[in-house]
Amino acid sequence: MGAESGVPRKAAERAGRLRALIEEHNHRYYVLDAPTISDAEFDSLFRELEALEREYPALASADSPTRRVGDAPVTTFETVTHRVPMLSLNNAFSDEEAESFDRRVRELLGVDEVDYEVEPKFDGLAVGITYRQGALNVGATRGDGASGEDVTANLRTINAVPLTLGAKAPPLLEVRGEVVMLRRDFERLNAAQTAKGERTFVNPRNAAAGALRQLDPKVTASRRLTFFAYGVGEVDWGAAKPPATQEALLERLESLRLPATRERKVVRGLKGLMSYYHAIAARRASLAFDIDGVVYKVNDLAQQERLGFVSRAPRFALAHKFPAEEMPTEVLAIEVQVGRTGALTPVARLKPVFVGGVTVTNATLHNEDEVRRKDVRIGDTVIVRRAGDVIPEVVRVLPEKRPRGAREFVMPKKCPECGSHVVRLPDEAVARCSGGLVCPAQRKQALLHFGGRRAMDIEGLGEKLVDQLVDAELVRTPADLYKLNVDTLAGLERMAEKSAANVVAAIDKSRETTLARFVFALGIRHVGEESAKDLARHFGSLDELMAAHEPSLLEVRDVGPVLAQSIRQFFAEAHNRGVIARLRTAGVHWPEGAPQREARGKLAGVTFVLTGTLPSLSREEAKEMIEKRGGKVAGSVSKNTAYVVAGAEPGSKLDRAEALGIPVLDERGLRAMLQGKG
DNA sequence: TTACCTCGAGCTCA
DNA sequence: CTCGAGGTAA
């Protein structure tokens with residue numbers, strides 16, 4: 001801040017002083033949870049700094065606290081790959097499960113008692129925020145764990161997220177934590193929304209999620225989010241000594257101005273876990289934020305490392321969830337839904353009930369036997385909850401509330417959509433409509449599947465449009481889609497000129513495809529995306545595939561008798577062959593190549609299993625490289641596995657590989673094999 | 001499964 | 001303004 005910029009020394013000094021004060025008070029407020037000045041006093045410091053920076057623009061720097069909302073709106077969020085994957089935690093829903101977690105940890109470590117760092121499990125959104133040389137660099141959502149969305153501009157607007165980490169900042173630090181909306185901020189936001197005549201948010205989590213997904217950071221800033229750090233991803237502590245415990249890690253983060261919850265503590269043994277869990281549960285309603293359980297982590301980081309990971313979750317941590325909220329409601333009706341394969345699923349239509357943060361109106365009853373087992377009748381009052389993750393579940397009936405006229409559910413003999421008779425094979429739980437594609441419900445599902453993103457990828461072909469197309473009898477089979485034009489579409493709801501043209505263009509575009517997509521799009525039972533790829537590769541052309549008899553189908557990897565049967569049946573059907581012929585006449589085409597059986601690709605027939613994080617290859621990339629050479633990547637280790645490729649933090653698959661005596665490769669070994677032989 | 005955001009485009013009413 | 005589609009998150 002030199003005098004050469006024409007800024008009076010006094011002003012520069014005052015600005016520096018103000019920034020330090022603001023950061024200090026932010027720290028006291030968010031990290032220590034012990035403010036020493038009032039909000040009004042804080043605001044006045046802030047305004048003074050703003051005024052100074054306005055007067056002397058040379059004073060304003062990118063990491064000034066006044067510059068949280070800097071960026072202009074973006075049009076899309078970029079994708080960020082997590083250098084260290086953002087895993088999820090194993091869940092426990094009972095004290096017993098928590099007990100077996102502790103037992104397992106003790107056994108694996110060979111100790112009598114373990115120290116745990118424990119904290120509330122926030123109900124918010126997981127993010128990773130990377131600081132380089134102490135400056136906030138990138139922040140991203142968890143996404144699928146491997147990559148998420150770049151929401152840096154929005155995270156910068158959160159006052160609890162420091163823009164700089166101060167003098168002790170390590171060279172590189174990715175902090176992991178949860179973005180949440182405090183209950184009081186949620187109340188305030190909803191009051192403001194009501195005042196503006198806008199719709200309110202259902203719960204703080206959704207409000208926070210919505211705020212973070214705003215393209216314009218100004219909106220995010222107005223929504224008041226906060227942040228709690230609970231761990232780290234990629235990190236280089238530089239000259240500083242790395243922390244040795246989870247507790248020390250959080251203290252280190254706090255010393256870097258990153259807020260961790262004050263509700264955390266270190267406890268000893270199972271007894272410590274239990275008393276913490278029950279103490280927090282008792283205070284749950286009076287906390288400033290929503291939580292859905294507590295998290296236990298082995299405190300000693302060396303012990304954490306020894307415990308390692310199983311599949312996608314650490315063995316050293318556990319999320320002990322509170323029991324799912326349960327509410328009584330009424331069964332208004334039990335309807336039957338028809339799926340793409342004709343499967344009939346009974347669904348309970350419920351009197352809307354707010355449970356676990358959302359309004360539940362439907363709950364699947366899975367199948368006839370399930371309805372019997374729970375003895376759910378129409379008119380019953382039932383207990384519903386949102387199970388484990390998200391799917392609403394009818395827990396049980398309250399028999400004392402059963403009205404006299406409560407009707408039992410009977411699986412209809414005729415399909416409710418098309419009247420074809422319903423069949424249930426003796427050894428199957430599901431009943432099916434026998435109508436096949438005569439059934440409009442199945443036709444609709446088939447069309448939706450055909451146009452799906454992983455199939456023919458016809459943009460704009462959604463549920464409502466398909467409903468209309470089928471109901472108006474404009475489309476009976478996928479082949480009919482290719483006869484549509486702007487005129488035939490005219491007259492349908494929400495299908496004026498522009499929309500119609502877009503749909504026609506999307507359909508036209510789908511004419512150029514791949515054999516694998518096409519085979520998947522046909523919707524042959526048991527043929528998913530993977531099998532479709534295998535079949536396309538193996539036969540190379542559709543005619544080969546259609547002509548294949550069972551023995552040759554069985555030669556395809558992963559194709560067993562059930563799949564082979566199903567494929568044969570599908571192509572034996574004259575109707576299906578007709579549709580395919582018409583699709584081809586309509587101009588649907590794909591490159592056909594020579595069949596790639598066995599010997600093609602040096603790794604043909606060689607099965608790999610990947611575990612852990614490879615240094616420079618993502619899981620997808622490694623898989624692709626192996627498959628390109630004809631190899632196969634399986635999800636779990638068996639005696640058919642040829643090699644296990646292990647990276648950092650391998651899971652139990654490595655143990656199993658060792659147990660079965662299967663050779664283990666690292667990334668270098670894998671590359672050598674791919675190149676050497678290929 | 002539900003809730004939310006965003007986009008394009010259709011619908012409605014002044 | 002409202003709707004449908006497509007995406008994300010838990």
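Numbered from 1 within each chain, the chains take letters A, B, ... in sequence-line order. Just so it is clear, the values below take in all heavy atoms, side chains as well, and ignore hydrogens, waters and symmetry mates.
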Identified side chain to side chain contact (heavy atoms under 4.5 Å, CB included) counterpart of A:Phe186 within the set A:Arg224, A:Arg205, A:Arg223, A:Met181 | A:Met181
Identify whether any heavy atom of A:Asn362 sits under 4.0 Å from a base atom; if not, whether one sits that close to sugar-phosphate; answer base, sugar-phosphate or nothing.
-> sugar-phosphate
Contacts to DNA chain C from residues 465-474 of chain A, heavy-atom cutoff under 4.0 Å, which residues?
-> A:Leu465
Can you tell me how far C1' of B:dT1 sits from CZ of A:Phe354, to the nearest Å?
-> 14 Å
Would you tell me whether A:Ser100 and A:Glu97 have side-chain atoms, one donor and one acceptor, within less than 3.5 Å of each other?
-> no
Remember a base hit wins even if backbone is also touched, and classify A:Arg454 as base, sugar-phosphate or nothing at under 4.0 Å, heavy atoms.
-> nothing
For nucleotides 9-12 of chain B, which of its nitrogen or oxygen atoms have a protein nitrogen or oxygen under 3.5 Å away, and what is each distance?
unit_1: B:dA9; atom_1: OP1; unit_2: A:Asn502; atom_2: ND2; d: 2.9
unit_1: B:dA9; atom_1: O3'; unit_2: A:Ser499; atom_2: OG; d: 3.1
unit_1: B:dG10; atom_1: OP1; unit_2: A:Ala496; atom_2: O; d: 3.3
unit_1: B:dG10; atom_1: OP1; unit_2: A:Lys498; atom_2: N; d: 3.2
unit_1: B:dG10; atom_1: OP1; unit_2: A:Ser499; atom_2: N; d: 2.8
unit_1: B:dG10; atom_1: OP1; unit_2: A:Ser499; atom_2: OG; d: 3.0

For the pair made of NZ in A:Lys218 and C1' in B:dC5, what is the distance, rounded to whole Å?
-> 18 Å
Indicate, with yes or no, if the rings of A:Phe316 and A:Tyr296 have centres closer together than 6.0 Å.
-> no
Among side-chain atoms of A:Asn154 and A:Thr220, is any donor-acceptor pair under 3.5 angstrom?
-> yes
Atom CZ of A:Arg223 and atom P of B:dC4 are separated, to the nearest Å, by 10 Å
NA contact type, A:Gly124, heavy-atom cut-off 4.0 Å: base, sugar-phosphate, or nothing?
-> sugar-phosphate
Taking the side chain from A:Glu174 and the backbone from A:Gly128, do they hold a donor-acceptor pair closer than 3.5 Å?
-> no
Per atom distances to the A:Asn206 side chain, the nearest of B:dA3, B:dT2, C:dA9 is B:dA3
Atom-to-atom span, NZ of A:Lys321 to C1' of C:dA10 - whole angstrom | 9 Å
Across the strands shown, which category fits A:Ala126 at heavy-atom distances under 4.0 angstrom: base, sugar-phosphate, nothing?
-> sugar-phosphate
Between atom CD in A:Gln337 and atom P in B:dT1, what is the gap in whole Å?
-> 8 Å
Taking only the side-chain nitrogens and oxygens of A:Thr359, find out if one of them lies under 4.0 Å from OP1 or OP2 of B:dA3.
-> yes
Full working for salt bridge (Lys or Arg N to Asp or Glu O under 4.0 Å) between A:Asp290 and A:Arg284 = CA-CA 8 Å; A:Asp290 283 358; A:Arg284 183 176 181 188; over 6 Å; no
Is it true that atom CD of A:Glu187 has more than 12 heavy atoms of other residues, nucleotides or ligands lying nearer than 6.0 Å?
-> yes
To the nearest Å, how far apart are A:Asn154 CG and C:dA9 C1'?
-> 15 Å
Going by atom types only, do A:Thr261 and A:Tyr230 share a side-chain donor-acceptor pair under 3.5 Å?
-> no
Give A:Thr361 one of three labels, base, sugar-phosphate or nothing, depending on what nucleic acid heavy atoms sit under 4.0 Å from its own.
-> sugar-phosphate
Mind checking A:Phe77 for me? I need base, sugar-phosphate or nothing, with any heavy atom below 4.0 Å counting as a touch.
-> nothing
Please check the phosphate of B:dT6 (OP1 and OP2 only) for any side-chain N or O of A:Gln214 closer than 4.0 Å.
-> yes
Are A:Phe520 and A:His449 close enough that their ring centers fall under 6.0 Å?
-> yes
Which protein N or O atoms sit under 3.5 Å from an N or O of nucleotides 6-8 of chain C?
unit_1: C:dG6; atom_1: OP1; unit_2: A:Gly460; atom_2: N; d: 3.0
unit_1: C:dG7; atom_1: OP2; unit_2: A:Arg453; atom_2: NE; d: 3.2

Expressed in angstrom and rounded to an integer, what is the separation of A:Leu350 atom CG from B:dT1 atom P?
-> 12 Å
More than 12 heavy atoms of other residues, nucleotides or ligands under 6.0 Å from CD of A:Glu493: is that the case?
-> no
Should A:His278 and A:Asp95 be marked as a side chain to side chain donor-acceptor pair (under 3.5 Å) after you check the CA-CA gap, both sets of side-chain angles, and the distance that decides it?
-> CA-CA 10 Å; A:His278 293 288; A:Asp95 288 2; 3.2 Å; yes
Is the ring centre of A:Phe322 less than 6.0 Å from the ring centre of A:Tyr277?
-> yes
